[in-house]
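Please read the structure below before turning to the comments.
Proteins come first, then strands; the chains are lettered A, B, ... in the order of their sequence lines, and each starts at number 1. A quick note: this is a predicted structure, and the numbers were derived from the prediction, not measured.
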Protein chains: 2
Amino acid sequence: MVKEISKNIEDKIMAAAVDEFEEKGFNGARMQQIADKAGINKALVHYYFRSKEKLFEKVFLIVAQRAFKKFATTLNNDGTVFEKIGNFFNMHQDLLWKNRNFPIFFLNEVNRNPNLIKKVFEKAELDSNILGFIEQINDEKAQGKIRTDVEPISLLVNIISLSIFPYIGQPVLTEVMQRLNSDYGTFLQQHRQQLAQFVINSIKA
Amino acid sequence: MVKEISKNIEDKIMAAAVDEFEEKGFNGARMQQIADKAGINKALVHYYFRSKEKLFEKVFLIVAQRAFKKFATTLNNDGTVFEKIGNFFNMHQDLLWKNRNFPIFFLNEVNRNPNLIKKVFEKAELDSNILGFIEQINDEKAQGKIRTDVEPISLLVNIISLSIFPYIGQPVLTEVMQRLNSDYGTFLQQHRQQLAQFVINSIKA
DNA sequence: GTCTATATTGGGATAGAC
DNA sequence: GTCTATCCCAATATAGAC
């Protein structure tokens, strides 16, 4: 079946493109490299995707939406706010460890072209998940479990800040740890263990 | 005095280069744009700095070292750990607000070329400041002011995470806030007010 | 030192054979 | 669909006049 074969090549190109774009960014990526990584000819890349921009946008939306989807589902599980915070950090840290250069890639690209973020949000149903979590926080504030001065959105942003930054700052932290006679990997394994407790300590009534 | 004049043009080019590089990154920046912003001819840029790489490195080291210097000094002021945390967020948030696209630029460039960070650290005396702050945290742990399970380095990284991420994530937060019928600017003004208290709540014994 | 004009190359994109 | 060969432009860099 011809369609099948062509689909496989499309996938190969996509996979190679994810690799190349995540490593070098849009401006640094090379179509030749993508072709090489996919084990095919450069002209074929253009045959399937017409232009670098089009290929990039397709790749970007897929990886970004996949990331946001995983992100949203952890907020949507059962449990108290404290339990969800623990679950979130566990899941998110695992995910980030496996995709260490995704965050800086993602943030840099949406900074370069803020229009991308709108397209990502169109399909990822983040809103209801966010709103649900915010509501739960307010409930638990009313129940006296969470400090009344906690602003739900700020809490959410704080959680994400704490989770993502250690990966975005990898090169800096690597250098700092070296100067402190440690190393990035061992630091991170320690660091991730205290994130949930750090947040919970801060907000518990 | 000829030297004076030439120095002024060098400065103009540097200023224009900071602008262009911070906005577009190394790969996205254009020598022609830098010349235009400096109000001079493109050939002159090469006359003064030979190549794009050389110009970039000079610009990068200056802005990065300036940033790290300001960063380090706030850790070095008088006061308790809690006071320093408050002072740090005040200073750092003001600084970031005035240089909103510096963090993502900086982190992206050191990610692209991790070698840059070594050169930044060579001149910025960060080590003693960091070590001093760490020592103080341990002192106040011993005095019963700070929880005994607080790991100083992780605390430091948490503080920096909380401070910087809202700026790195600007495009995302802008979109989210829009969908929540708010806007990025007002969010940030609220958000920054709770950062110090968020940390202090978390670590106070 | 400062400009105009030009060299050079890297890299995205297409034409055309098979 | 897949390749080779080539086009073409953008962008760094330099030569050379003034």
Side-chain angles (χ1 to χ4, degrees), chain A residues 1-63 105 108-109 111-113 115-116, chain B residues 1-62 105 108-109 112-113 115-116:
Chain A
M1 196 176 173
V2 179
K3 194 72 189 296
E4 272 303 309
I5 293 167
S6 101
K7 187 72 186 130
N8 283 340
I9 284 201
E10 260 189 61
D11 289 349
K12 262 189 207 164
I13 296 173
M14 292 282 282
V18 170
D19 222 59
E20 176 74 1
F21 282 130
E22 277 197 4
E23 194 187 332
K24 315 263 186 66
F26 178 79
N27 282 323
R30 296 292 168 256
M31 295 295 268
Q32 184 63 60
Q33 276 296 310
I34 293 173
D36 290 350
K37 284 180 186 176
I40 51 129
N41 192 277
K42 187 172 61 136
L44 256 196
V45 182
H46 282 94
Y47 174 80
Y48 279 104
F49 295 93
R50 294 206 52 89
S51 74
K52 188 184 181 184
E53 290 239 22
K54 283 187 171 48
L55 172 58
F56 173 79
E57 190 160 315
K58 219 161 234 176
V59 159
F60 182 84
L61 289 183
I62 285 180
V63 293
F105 159 73
N108 195 51
E109 296 302 329
N111 184 64
R112 191 179 57 84
N113 176 10
N115 226 31
L116 286 170
Chain B
M1 197 178 174
V2 178
K3 194 72 190 296
E4 271 303 309
I5 294 168
S6 102
K7 187 78 186 119
N8 284 340
I9 284 202
E10 261 189 61
D11 289 350
K12 264 190 205 166
I13 296 173
M14 292 282 282
V18 171
D19 220 59
E20 175 74 0
F21 282 131
E22 277 197 6
E23 193 186 334
K24 315 262 186 68
F26 177 78
N27 282 322
R30 295 293 168 254
M31 295 296 268
Q32 183 64 61
Q33 276 296 310
I34 293 172
D36 291 351
K37 284 180 186 176
I40 50 132
N41 191 276
K42 189 173 54 136
L44 257 197
V45 182
H46 282 94
Y47 174 79
Y48 279 104
F49 295 93
R50 292 208 49 89
S51 75
K52 188 184 179 183
E53 290 240 22
K54 283 187 172 48
L55 173 57
F56 173 79
E57 188 159 315
K58 218 162 233 174
V59 160
F60 182 84
L61 290 183
I62 285 180
F105 158 73
N108 195 50
E109 296 302 330
R112 190 178 58 82
N113 177 10
N115 226 31
L116 286 169

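Rounded to whole Å, the distance from CG on Asn27(A) to P on dG11(C) is 12 Å. In this structure, CZ of Phe49(A) is placed 16 Å from C1' of dG12(C), rounded to the nearest angstrom. Between Arg50(A) atom CZ and dA15(C) atom C1' there is a gap of 13 Å when expressed in whole angstrom units. Between the CD atom of Glu10(A) and the P atom of dT2(D) there is a distance of 10 Å, given to the nearest Å. Atom pair Leu44(A):CG and dC3(D):P shows a separation of 5 Å (rounding to whole Å applied). For the pair Asn41(B) CG and dA17(D) C1', the computed distance is 13 Å after rounding to whole Å. Atom-to-atom, CZ of Phe56(B) to P of dA13(D) comes out at 14 Å; the value is rounded to the nearest Å.
Heavy-atom distances to DNA chain C give each of Ala43(B) and Glu53(A) a nearest nucleotide, and the one nearer the 5′ end belongs to Ala43(B).
Nearest nucleotide to the Tyr47(B) side chain, out of dG1(C), dA15(D), dC3(D): dG1(C).
The CE atom of Met31(A) sits 5.5 Å away from the CG atom of Leu55(A) when rounded to the nearest 0.5 Å.
The environment of Lys37(A) atom NZ is dense: over 12 non-hydrogen atoms of other residues, nucleotides or ligands sit within 6.0 angstrom. Shown here is Glu53(A), whose CD atom has no more than 12 heavy atoms of other residues, nucleotides or ligands within 6.0 Å.
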Please list each protein N or O that sits under 3.5 Å from an N or O in nucleotides 8-12 of chain D, with the distance.
| from | atom 1 | to | atom 2 | distance (Å) |
| --- | --- | --- | --- | --- |
| dA11(D) | OP1 | Arg30(B) | NE | 2.8 |
| dA11(D) | O5' | Arg30(B) | NE | 3.1 |
| dT12(D) | OP1 | Ala29(B) | O | 3.4 |
| dT12(D) | OP1 | Lys52(B) | NZ | 3.3 |
| dT12(D) | OP2 | Met31(B) | N | 3.2 |

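Figure legend: cation-pi geometry between Arg112(B) and Phe21(B) absent, as NZ or CZ is not positioned both under 6.0 Å from the six-membered ring centre and within 45° of its axis.
For the OP1/OP2 pair of dT2(D) and a distance below 4.0 Å, the side-chain nitrogens and oxygens of Tyr48(A) include at least one atom meeting the criterion.
With Lys52(A) contributing its side chain and Ala29(A) its backbone, the two residues share a donor-acceptor pair below 3.5 Å.
Between the side chains of Glu109(B) and Asn113(B), no donor-acceptor pair is found at a separation under 3.5 Å.
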